[in-house]
Amino acid sequence: MDFINIEKKWQKTWADTRLYSFDKSKTDKKKYVLEMFSYPSGAKLHAGHWYNYGPSDSYARYLRMKGYEVFQPMGFDAFGLPAENYAIKTGVHPQDSTLKNIETMEGQLKAIGGSFDWDYEVVTCLPEYYKWTQWIFLQLYKKGLAYRKQAPVNWCTDCNTVLANEQVIDGCCERCGHPVIRKNLTQWFFKITDYAEELLQGLDKLDWPEKTKAMQRHWIGKSQGGEIEFECATGDKFRVFTTRADTIFGVSYVVLAPEHPLVDKLTTPEQKQAVEDYKAQTAKIAEIDRLSTTREKTGAFTGSYCINPINGERVPIWIGDYVVGSYGTGAVMGVGAHDDRDFAFADKYNLKIERVIKSADGSADDLPYCEHGVLVNSGEFDGMTTEEAIPAILAKLEKMGKGGVKTNYRLRDWLISRQRYWGCPIPIIHCDHCGEVPVPEDQLPVKLPYNVDFTPDGKSPLLKSEEFMNTTCPICGRPARRDPDTMDTFVCSSWYFLRYPDAHNDKMAFDPEIINKMLPVDKYIGGAEHACMHLLYARFFTKALRDMGYLNFDEPFTSLVHQGTILGPDGNKMSKSRGNVISPDDYVKKYGADAFRMYLMFGFSYIEGGPWNANGIDSIIKFLERVERLVIKAKKNQPKQELGKAEKELNYVRNYTIGRVDADMQTFSFNTAIARLMEFVNALYKYDSDLGDNKNQEFFYSCVDDLVLLLAPFVPHVSEELNEMMGGPYSVFNRAFPTCDESALVKDEYELAVQINSRVKAKIVVPSDADAEQIKAIALEEPTVKALLEGMNVVKTIVIPKRLVNIVVK
RNA sequence: GCCGAAGUGGUGGAAUUGGCAGACGCGCCGGACUCAAAAUCCGGUGAUGGCGACAUCGUGCGGGUUCAAGUCCCGCCUUCGGCACCA
């Protein structure tokens, strides 16, 4: 079979006949199948792209043949750091390299044989798209969901530039090797934390991998506890957050984060030097390097004291970088006896450690004791359990006006400012008189200028473009400056699935009437690496836009599947530096896109992936040629004949195959679906060689016809060709997927195993309608069984119809 | 450290959710066709012992529940992902 030319032939026919064009009048039967769009960094698709797009395209084709109107669009996540870095290295402008890469990748995606409707293509770096990214920014801003505040960035003092986390290697700049420090800049945030609770609750209803949902739950990190207010001698007050209010009588100190706003005020003159030194020291350590539990706890005494509201005790106020400024209140109470970290800190600085919880059975004496237990040395609360004491103590504090129940989330607001060129400009103008002014919507898009010096030299690249920066204030008309930052690319990808169904609308981001019919996405397919970022941001955008009235659904992706990763032959992630990258091109050139796709679907479990090996890719060719020979043998328009015994057996296999392939497609179990197809082919060969010229030609033809239809999603070009060879109508993808005839699966009799003491000793054939008693009788009469039971005492007999009989003897 | 997933022949991977472990392939062995080879077709293939029918063992390790465990429970080991001082 000439796979290469067959592919060209059908790709042209499909394009000429606009076969994959989505019919908007049929949204009642729509299925929105979406693969995560790709980043056009390299010029070529790699094996991972194939593994994502090939099998999921087969799934889309299967749905189409099941009678759905499938919407399967494709686009590119085109802004981002790699293109900019590439530009810095080579001088090729990011826009030029990106658009060129996109063109190449479009061609390759067509070569895979993907059934994408390119009329709906979306490219995030084009003004007609990012205009609406900016529009969404403005809606969030209006709603109070976009705001500015100071936040640290990774700053290389040598390059004078901001670095992304992945550009910081072991605390040093990846480019020059100089140490990286944290520096505060005023930056834009999206207030995703407003949606923390709904983002958490919504997970329960989603058909997503449990693992991914667990990761999001953990990322959101809901924690129920309480806040407790401590008052200082100066009259200043601050609160701590704790989940263990029951340990409050054991507080022997409190710790503020070094960046806590009260630190300077509370520091006494004698302690000023020590505190300043400590703050300088922690500023040197980038946040990502604040490495966890293994790092020794450090801190400094402020010289001030505060009052424990529950017992009036005077406790010292410390600062320490083991307290995270951005979580809770940025302050914790120190209970050395009942927290591992507090214990280490108290031990190091000789702070009091007093037990206030003992184990319920009094067994555990060691400190720190971090389990729940019973209160001691806790005044009126003595004898209560942890579970009783927490609400009781918080209730009392609330009555005193000194705290109460509080829920915290680990989730932080989303920092979207990037001090980079190749991204979507932020549509805000800074005016000396009017302050922060949103760009009026009729002035969108704020275009990213082409001629910009993006070499890293300490300034945001856009800041150096006078043409871009200088504008007039929309309110007062005086000269003003634009915001020089661009948005995180995750902003662009947080709404692209909303744009696809209405991709060319130049009046709005999307028409609510259209997307309310087209969304949510029915099946979303992509890598597990997006579990927390992209998938969470997209959910946030959907909910925020819903609350603004732009759409009417709660979740963007009803059902989600992660494909596994194809690793290099050595079992490691493919990477250029390891030299273990498998290029699909050579295989595609040799075997064709269909065979390569089918091999990927057969040789791996789709969800799991695994190390690449080419063993067996030849067998796919062999298999397809076996199918072709059947097609050649199948004769159309033969007279109808009664089905004999051999035909009934084959018909059983045919319908069993249909049922199993149907079920396997729905669970993305492509490898087993193909295994069933191979079995069907084996059965067809057996039938053909057994009966030769005496076979039922009409029946044989219909079986082979079903085979071609079943095969179509897996090998689209080949099946289209085979369908044509058989005289079937164009296109095979306009034909219906075969349906399973349940009556063909009903057998008169079936075989089951007979066990004696759980070991298979014989096989029996029983009528299909036999009940347990009859099956038991047949089993006991079976000669081998009968002989083995001679002189044995049958204790009991278990009969599982359709499975086995187990006779227990002594 | 915490959370999650996985561990099955020489090999990629199956197993209707507690019911005949190893489907379907690859590889290997044998046979048919052929002067021969390739291609193709058919058969065999977990391990050990036995000429043999058969027996024993076998799903990371050790226990347990059950007539029956790859699957459930308890305790470990290893690998891979995620989180990482979140009070």
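Every chain is numbered from 1, with letters handed out A, B, ... down the list of sequences. What's counted below: heavy atoms across the whole structure, side chains too, no hydrogens, waters or symmetry copies.
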(message) Taking 4.0 Å as the cut-off, does a side-chain nitrogen or oxygen of A:Asn572 come that near to OP1 or OP2 on B:C80?
(response) no
(request) Remember a base hit wins even if backbone is also touched, and classify A:Arg629 as base, sugar-phosphate or nothing at under 4.0 Å, heavy atoms. (result) sugar-phosphate
(message) Need one value for A:Asp340: base, sugar-phosphate or nothing, where a base atom within 4.0 Å counts as base even if backbone is also close, heavy atoms only.
(response) nothing
(message) Looking at the base of B:A87, is there any donor atom on it, or on the side chain of A:Arg244, that sits under 3.5 Å from an acceptor on the other one?
(response) no
(message) I want to confirm an ordering. Mapping A:Trp219 and A:Ile800 to their closest nucleotides on RNA chain B, which one lands closer to the 5' end?
(response) A:Ile800
(request) Kindly say if A:Lys211 contacts the phosphate of B:A5, meaning a side-chain N or O under 4.0 Å from OP1 or OP2. (result) no
(request) Determine the Euclidean distance between corresponding P atoms of B:G62 and B:G70; express it in Å to zero decimal places. (result) 14 Å
Distances for protein N/O vs nucleotides 10-13 of chain B N/O pairs under 3.5 angstrom?
| unit_1 | atom_1 | unit_2 | atom_2 | d |
| --- | --- | --- | --- | --- |
| B:G12 | O2' | A:Gly603 | O | 2.4 |
| B:G13 | O3' | A:Asn671 | ND2 | 3.1 |

(request) Output all residues satisfying salt bridge (Lys or Arg N to Asp or Glu O under 4.0 Å) with A:Glu628, sequence neighbours left out; order by chain, then residue number. (result) none
Show each protein N/O and nucleotides 68-70 of chain B N/O combination with a separation under 3.5 Å, one pair to a line.
| unit_1 | atom_1 | unit_2 | atom_2 | d |
| --- | --- | --- | --- | --- |
| B:A68 | O4' | A:Ser758 | OG | 3.3 |

(request) Tell me which of A:Tyr409 and A:Lys686 sits closer to the 5' end of RNA chain B, going by the nucleotide each one is nearest to. (result) A:Lys686
Restricting to nitrogen or oxygen on both sides, can you table the protein-nucleotides 44-50 of chain B pairs closer than 3.5 Å?
none

(message) Taking syn as a glycosidic torsion within 90° of 0 and anything else as anti, which one is B:U40?
(response) anti
(message) So if I take residues 329-337 of chain A and measure heavy-atom distances to RNA chain B, which residues fall below 4.0 Å?
(response) A:Val332
(request) Any pair with a residue in residues 670-690 of chain A that passes salt bridge (Lys or Arg N to Asp or Glu O under 4.0 Å), sequence neighbours left out, goes on the list, sorted by first then second residue, please. (result) A:Lys633-A:Asp688, A:Arg676-A:Glu679, A:Lys686-A:Asp690, A:Asp688-A:Lys695
(message) Less than 4.0 angstrom between a side-chain N/O of A:Ser223 and OP1 or OP2 of B:A87, yes or no?
(response) yes
(request) Would you classify A:Lys222 as touching base, sugar-phosphate or nothing, given that sugar-phosphate means primed atoms plus P, OP1 and OP2, and contacts are heavy atoms under 4.0 Å? (result) nothing
(message) I need the CG-C1' distance between A:Asp339 and B:G1, as an integer number of Å.
(response) 14 Å
(request) Output yes when a side-chain donor or acceptor of A:Ser378 lies under 3.5 Å from a complementary backbone atom of A:Phe249, and no otherwise. (result) no
Enumerate all atom pairs, one protein N or O and one N or O from nucleotides 56-59 of chain B, separated by less than 3.5 Å.
| unit_1 | atom_1 | unit_2 | atom_2 | d |
| --- | --- | --- | --- | --- |
| B:C57 | OP2 | A:Arg759 | NH2 | 2.9 |

(request) Scan for salt bridge (Lys or Arg N to Asp or Glu O under 4.0 Å) pairs involving residues 798-808 of chain A, sequence neighbours excluded, and state none if there are none. (result) none
(request) Just jot down the side-chain hydrogen bond (donor to acceptor under 3.5 Å, both in side chains) partners of A:His218, sequence neighbours excluded, or say none. (result) none
(request) Write out the stems for RNA chain B, ordered by first number and formatted as range with range, counting runs of at least 3 consecutive Watson-Crick or G-U wobble pairs under 3.5 Å. (result) B:1-7 with B:77-83, B:10-12 with B:24-26, B:27-32 with B:40-45, B:46-49 with B:54-57, B:60-64 with B:72-76
(request) Could you tell me which residues satisfy side-chain hydrogen bond (donor to acceptor under 3.5 Å, both in side chains) with A:Asn52, sequence neighbours excluded, listed by chain and number? (result) none
(request) Please name all residues satisfying salt bridge (Lys or Arg N to Asp or Glu O under 4.0 Å) with A:Asp246, sequence neighbours left out, ordered by chain then number. (result) A:Arg244
